[in-house]
Student: 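Pasting in a structure now, in structure tokens, and then I'll have a few things to ask.
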Amino acid sequence: MSELITAALVDLDLSAETKQDAARSLAERMVAEGRVTDLDGFLADVAAREAQMPTGLDGGIGIPHCRSEHVTAPTLAFGRSGPGIDFGAADGPADLVFLIAAPAGADDDHLTILSALARRLMDPEFTEALRAERDPGAAAALIRGEEAAPAGSAPKAPTPEASAPQASAADDGTPVDGPVPDSAAPAAEPFRIVAVTSCPTGIAHTYMAAESLAAAARAGGVVLDVETQGSAGFERLDPALIAAADAVIWAHDVEVREKARFDGKPIVDTGVKAGINRPAELIAEARQKAERGETTALATGAAAHQDGGATTGGDHAHFGVRLRTYLMSGVSYMVPFVAAGGLLIALSFAIGGYEIAGAKSVADHFVWGEAASWAALLNQIGTAAFAFLVPVLAGYIAYGMADRPALVPGFVGGAIALTINAGFLGGLVAGLLAGAVVMAIQRVKVHPTLRGIMPVLVIPLIASAVVGFLMFIVVGKPIASLQRALTDGLNGLSGSNAIILGIVLGLMMCFDMGGPLNKVAYAFAVGGLADPTPGSLKVMAAVMAAGMVPPLAMALATTVRGRLFSRTERENGRAAWVLGASFITEGAIPFAAADPLRVIPSVMAGGAVTGALSMAFDCTLRAPHGGIFVVPLIGNPFLYLLAIAAGTTVATTLVVLLKSIGRSTEAPAPATETPKISVAA
């Protein structure tokens, strides 16, 4: 672990007051050591990860971390703060801050060692030793495991082989680390649990939850085996361990992979932080479910009592949350096809004009020295990529619902949606139908000899037939009619109706800046590009224009009123110029995370103005991405830029006004009054 942290990466007197400042201070040390190539780019990745879920842990620990293309090697920087820094933990600020940086394609062994360090942080004696250390070099050595840690702490030098925390049973069934039973008495059969832990980046929380659960299991005499689905890869639990388990714990913030392995077991389904902060409660809940005889039918995500078939919450998420997850799964897999296909088509129009869409097939007619032939080639490649939009959307919605067996019926349903002209709406319905049909089939009890062929033959065959029947005969035509009505409605948009739609789309794009509402608006727009009409091209233009406003507004605000922002925010503002111009709405996330009540309403107002003006100006766009770099392809480009400038100005004015008001209300009171103590947002 010597290459992960050195004395130069340790700050025992971290003076930062906010988590953004702390991350910047530690990241600057990484830059000085050549571990990070682009400070602002890396900090944007850290902020994006922080926006997904706060990284503060009980016990005074903050672990900001991310994967980033700006990191050259897996790196750890450590800072110790006297007053503490708020990282969102329930028990207060963190005085121990660990900034973990992993390259986008990090080496598994390095990440495994990093994950082992994350587990060591669950040992209070280890963290107290760090609090007491006075020398940066000694602190780095302690973190590396080269100096003796206090008795009872984690192993000094964790290795990849020892990285998976498992409290497993001895050959005679006695829990490892548990009390040795009296040789004259028969050993009681221990309670057995298998667990899966995972988090969005799979670097820290994944392994800390695993260690916390393992420690609680040892204390309670429970046999626990953990599968960590993290960045260092994941080694599947032995099927025999799963079969022998009395219950299952999922502590995860991303989908558990290959969840069908746990079918028929009592499952406690919760977030990864619960695995870190209250492992004993989760183990107790698993015991209770097992004692009540609850089992989980994973095909539906619902737990059923064996004795009555009543459903219970195997998946605690509300139906609306699960539905959003399914839809976002489809959209996330669709976006690369949108970007590649859409930009190729846009480039073809830039070279050969819009009429190039009617060119002959380049397989039959291609002239090397002719620009029109190259334009036609790009157009036809992009069109081929775009043809996958609806099938990929449907296939991965189904995949999000019922895993790999649902891919085939999902893709088939999506292809049928295109065949019957049901379009984007047809793809959504086809994906949901395919997932539901597969989940229903998976609930059917089959003979053990058939289980091996169910996911690869029986389920895809039956589900594809059922989904095909439903799409062709039952629901396809009504959806196609609805799609035509929607298309006709978009084509007929004018005046106030178009402006209202532009306002709604602008609000959605700016509310969560890359989150679910943003993605829904974006998916609605790019779905129209699969079969472009004048109305759908207006929608695409309004969506991209509004999505550029938040980072541009924050960049402008930090330029014209820099004193209202911290040094970190001013530096982020410089990067936001490029991010906004490139239609990367997430560039405003660090500002929204630091001051949501002022920033989010301001950028929403600006986005609504831009969306409305773009619609009012009849601006059109045939490319799904690109920002200002595809302005030549925009209908009425000067008015389009004016709409963006107007929305940016509105958002900037509001955020500056709100921050200025906030400052004035937080100013020191007159000497005759009792001074008020407040914290500036």
Student: Tell me every residue that passes side-chain contact (heavy atoms from CB on, under 4.5 Å) with Ser25, counting only those two or more places apart in sequence or in another chain.
Tutor: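 Applying side-chain contact (heavy atoms from CB on, under 4.5 Å) to Ser25 gives Asp11, Leu14.
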Student: Between Met544 and Val630, does the side-chain contact (heavy atoms from CB on, under 4.5 Å) criterion hold? Intermediate values first, please.
Tutor: CA-CA 11 Å; Met544 189 170 83; Val630 294; 3.8 Å; yes
Student: Residues in side chain to side chain donor-acceptor pair (under 3.5 Å) with Glu28, at least two apart?
Tutor: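 Applying side chain to side chain donor-acceptor pair (under 3.5 Å) to Glu28 gives none.
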Student: Just wondering, more than 12 heavy atoms not from Phe511 lying within 6.0 Å of its CZ?
Tutor: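 Counting other residues, nucleotides and ligands, CZ of Phe511 stays at 12 neighbours or fewer.
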Student: What I'd like to find out is whether the side chain of Ile397 reaches to under 4.5 Å of the side chain of Leu428, using heavy atoms alone.
Tutor: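 Ile397 vs Leu428: side chains touch.
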Student: Grab the two heavy atoms, one from Cys619 and one from Asn636, that are nearest each other, plus how far apart they are.
Tutor: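 Heavy atoms only, the tightest pair is SG-O, 3.7 Å.
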Student: Would you compute the distance between atom OH of Tyr396 and atom CG of Leu407 and round it to the nearest 0.5 angstrom?
Tutor: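 Going from the OH atom of Tyr396 to the CG atom of Leu407 covers 5.5 Å.
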Student: Please report the shortest heavy-atom distance between Gly410 and Ala398, naming the atom on each side.
Tutor: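 Between these two residues, the closest heavy atoms are CA-CB, 4.1 Å.
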Student: Which one of Leu76, Leu99, Thr75 satisfies the side-chain contact (heavy atoms from CB on, under 4.5 Å) criterion with Leu9?
Tutor: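 For Leu9, the side-chain contact (heavy atoms from CB on, under 4.5 Å) check succeeds only for Thr75.
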Student: Just do the side-chain contact (heavy atoms from CB on, under 4.5 Å) check on Ser602 and Leu658 with the steps written out, would you?
Tutor: CA-CA 9 Å; Ser602 300; Leu658 291 175; 3.5 Å; yes
Student: Is there a donor-acceptor pair under 3.5 Å between the side chain of Thr558 and the backbone N or O of Ala555?
Tutor: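 A pair under 3.5 Å: yes.
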Student: With a 4.5 Å limit on heavy-atom distance, are the side chains of Leu418 and Pro391 in contact?
Tutor: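 Yes. Closest side-chain heavy atoms under 4.5 Å.
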Student: Rounded to the nearest 0.5 Å, how far does CD1 of Ile634 lie from CG of Leu639?
Tutor: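 Leu639 CG to Ile634 CD1: 11.5 Å, rounded to 0.5 Å.
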Student: Just by modelled atom types, is the Ala541 backbone N or O under 3.5 Å from a matching donor or acceptor in the Tyr640 side chain?
Tutor: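 Yes; judged by distance alone, with no hydrogens or angles, the pair exists.
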Student: Taking the side chain from Glu50 and the backbone from His65, do they hold a donor-acceptor pair closer than 3.5 Å?
Tutor: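 Looks like no, no N/O pair under 3.5 Å.
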Student: If we ignore hydrogens and angles and just use 3.5 Å, is the side chain of His70 paired with the main-chain N or O of Ser68 as donor and acceptor?
Tutor: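 Absent.
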Student: One thing to verify: whether Arg574 and Asp40 come together as a salt bridge, which I'm taking to mean a side-chain N less than 4.0 angstrom from a carboxylate O.
Tutor: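 No, no charged N to carboxylate O under 4.0 Å.
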Student: Take Met30 and Val71, measure what side-chain contact (heavy atoms from CB on, under 4.5 Å) needs, and give me the verdict at the end.
Tutor: CA-CA 9 Å; Met30 293 181 176; Val71 177; over 6 Å; no
Student: Any side-chain heavy-atom pair from Phe411 and Val392 closer than 4.5 angstrom?
Tutor: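 A side-chain contact under 4.5 Å exists here.
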Student: Taking Val656's backbone N and O only, do any of them form a donor-acceptor pair with Ser660's side chain (distance below 3.5 Å, no angle check)?
Tutor: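 Indeed, once roles are kept as given, a pair shorter than 3.5 Å links the two residues.
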Student: By side-chain contact (heavy atoms from CB on, under 4.5 Å), which residues pair with Leu537, not counting sequence neighbours?
Tutor: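 Leu537: side-chain contact (heavy atoms from CB on, under 4.5 Å) contacts with Leu529, Pro532, Thr620, Arg622.
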Student: To the nearest 0.5 Å, what is the distance between CG on Leu657 and CZ on Arg561?
Tutor: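 Here the interatomic distance stands at 11.0 Å.
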Student: Go through Asp86 and Lys19 one step at a time and tell me if the salt bridge (Lys or Arg N to Asp or Glu O under 4.0 Å) criterion holds.
Tutor: CA-CA 6 Å; Asp86 184 11; Lys19 60 184 179 181; over 6 Å; no
Student: State, yes or no, whether a side-chain contact exists between Met540 and Tyr522 at a heavy-atom distance under 4.5 Å.
Tutor: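 Yes - at least one pair of side-chain heavy atoms lies under 4.5 Å apart.
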Student: Can you tell me how far apart CZ (Arg570) and CG (Leu564) are? Round to the nearest 0.5 Å.
Tutor: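 Going from CZ on Arg570 over to CG on Leu564, the span is 10.0 Å.
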Student: Please report the shortest heavy-atom distance between Ala581 and Leu552, naming the atom on each side.
Tutor: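 Nearest pair, atom of Ala581 first, then Leu552: N-CD2, 3.8 Å.
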Student: Between Asp38 and Gly41 (side chain of the first, backbone of the second, donor and acceptor by atom type, cut-off under 3.5 Å), is there such a pair?
Tutor: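 A pair under 3.5 Å: yes.
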Student: Taking side chain as C-beta onward, heavy atoms only, is Met548 less than 4.5 Å from Ile644?
Tutor: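 Side chain of Met548 against side chain of Ile644, heavy atoms only: contact under 4.5 Å found.
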Student: If you define the side chain from C-beta out and look only at heavy atoms, does anything of Leu347 sit under 4.5 Å from Ile351?
Tutor: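 Side-chain contact under 4.5 Å: yes.
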Student: The criterion is side-chain contact (heavy atoms from CB on, under 4.5 Å); which residues satisfy it with Ile381, sequence neighbours excluded?
Tutor: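 For Ile381 the side-chain contact (heavy atoms from CB on, under 4.5 Å) partners, ignoring immediate neighbours, are Leu344, Leu377.
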Student: Taking atom CZ of Arg598 and atom CG of Asp595, what is their separation to the nearest 0.5 Å?
Tutor: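 Arg598 CZ to Asp595 CG: 4.5 Å, rounded to 0.5 Å.
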Student: Is the backbone of Ala553 close enough, under 3.5 Å, to the side chain of Thr652 for a donor and an acceptor to pair up by distance?
Tutor: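 Such a contact is found between Thr652 side chain and Ala553 backbone.
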Student: Between OG1 of Thr55 and NZ of Lys273, what distance do you get to the nearest 0.5 Å?
Tutor: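 If I round to the nearest 0.5 Å, the distance is 7.0 Å.
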Student: I'd like to know if the side chain of Arg67 reaches the main chain of Pro103, judged simply by a donor and an acceptor atom lying under 3.5 Å from each other, with no hydrogens or angles considered.
Tutor: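 Checked: pair present.
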Student: Scan the side chains in residues 362-372 for donor-acceptor partners under 3.5 Å anywhere in the protein, sequence neighbours excluded, and list what turns up.
Tutor:
residue, atom, partner, partner atom, Å
Glu370, OE2, Ser373, OG, 3.0

Student: Do the side chains of Asp618 and Lys538 get close enough for a salt bridge, i.e. N-O under 4.0 angstrom?
Tutor: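 Between Lys538 and Asp618 there is a salt bridge, with a charged N closer than 4.0 Å to a carboxylate O.
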Student: Among Thr585, Val655, Ile600, Thr648, exactly one meets side-chain contact (heavy atoms from CB on, under 4.5 Å) together with Pro550. Which residue is that?
Tutor: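 When Thr585, Val655, Ile600, Thr648 are each tested with Pro550, the side-chain contact (heavy atoms from CB on, under 4.5 Å) holds only for Thr585.
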Student: Please lay out, stage by stage, how Phe42 and Glu69 fare under the test side-chain contact (heavy atoms from CB on, under 4.5 Å).
Tutor: CA-CA 8 Å; Phe42 171 65; Glu69 62 181 5; over 6 Å; no
Student: Is Ile100 close to Pro64 at the side-chain level, that is, under 4.5 Å between some pair of heavy atoms?
Tutor: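 A side-chain contact under 4.5 Å is absent here.
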Student: Return the minimal non-hydrogen interatomic distance between Gly427 and Val390, and the atom names on each side.
Tutor: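 Here Gly427 and Val390 meet closest at CA-CG1, 3.6 Å.
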Student: Give the minimum heavy-atom separation between Ala643 and Leu613, together with the two atoms involved.
Tutor: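 In this case the closest contact between Ala643 and Leu613 is CB-CB, 3.7 Å.
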Student: Do Phe565 and Lys659 come close enough that some side-chain heavy atom pair is under 4.5 Å?
Tutor: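 Side chain of Phe565 against side chain of Lys659, heavy atoms only: contact under 4.5 Å found.
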Student: What's the shortest heavy-atom distance between Gly431 and Met401, and which atoms?
Tutor: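 Reported closest heavy-atom pair: O-SD, 4.0 Å.
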Student: Check whether any side-chain N or O of Tyr399 sits under 3.5 Å from a backbone N or O of Ala406 as a donor-acceptor pair, and report yes or no.
Tutor: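 Such a contact is absent between Tyr399 side chain and Ala406 backbone.
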Student: With sequence neighbours excluded, give me every side-chain hydrogen bond (donor to acceptor under 3.5 Å, both in side chains) pair touching residues 341-350.
Tutor: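 Non-adjacent pairs meeting side-chain hydrogen bond (donor to acceptor under 3.5 Å, both in side chains): Ser348-Asn379.
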Student: Return yes if some donor-acceptor pair links the side-chain N/O of Asn421 with the main-chain N/O of Ala480 below 3.5 Å, else return no.
Tutor: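 No.
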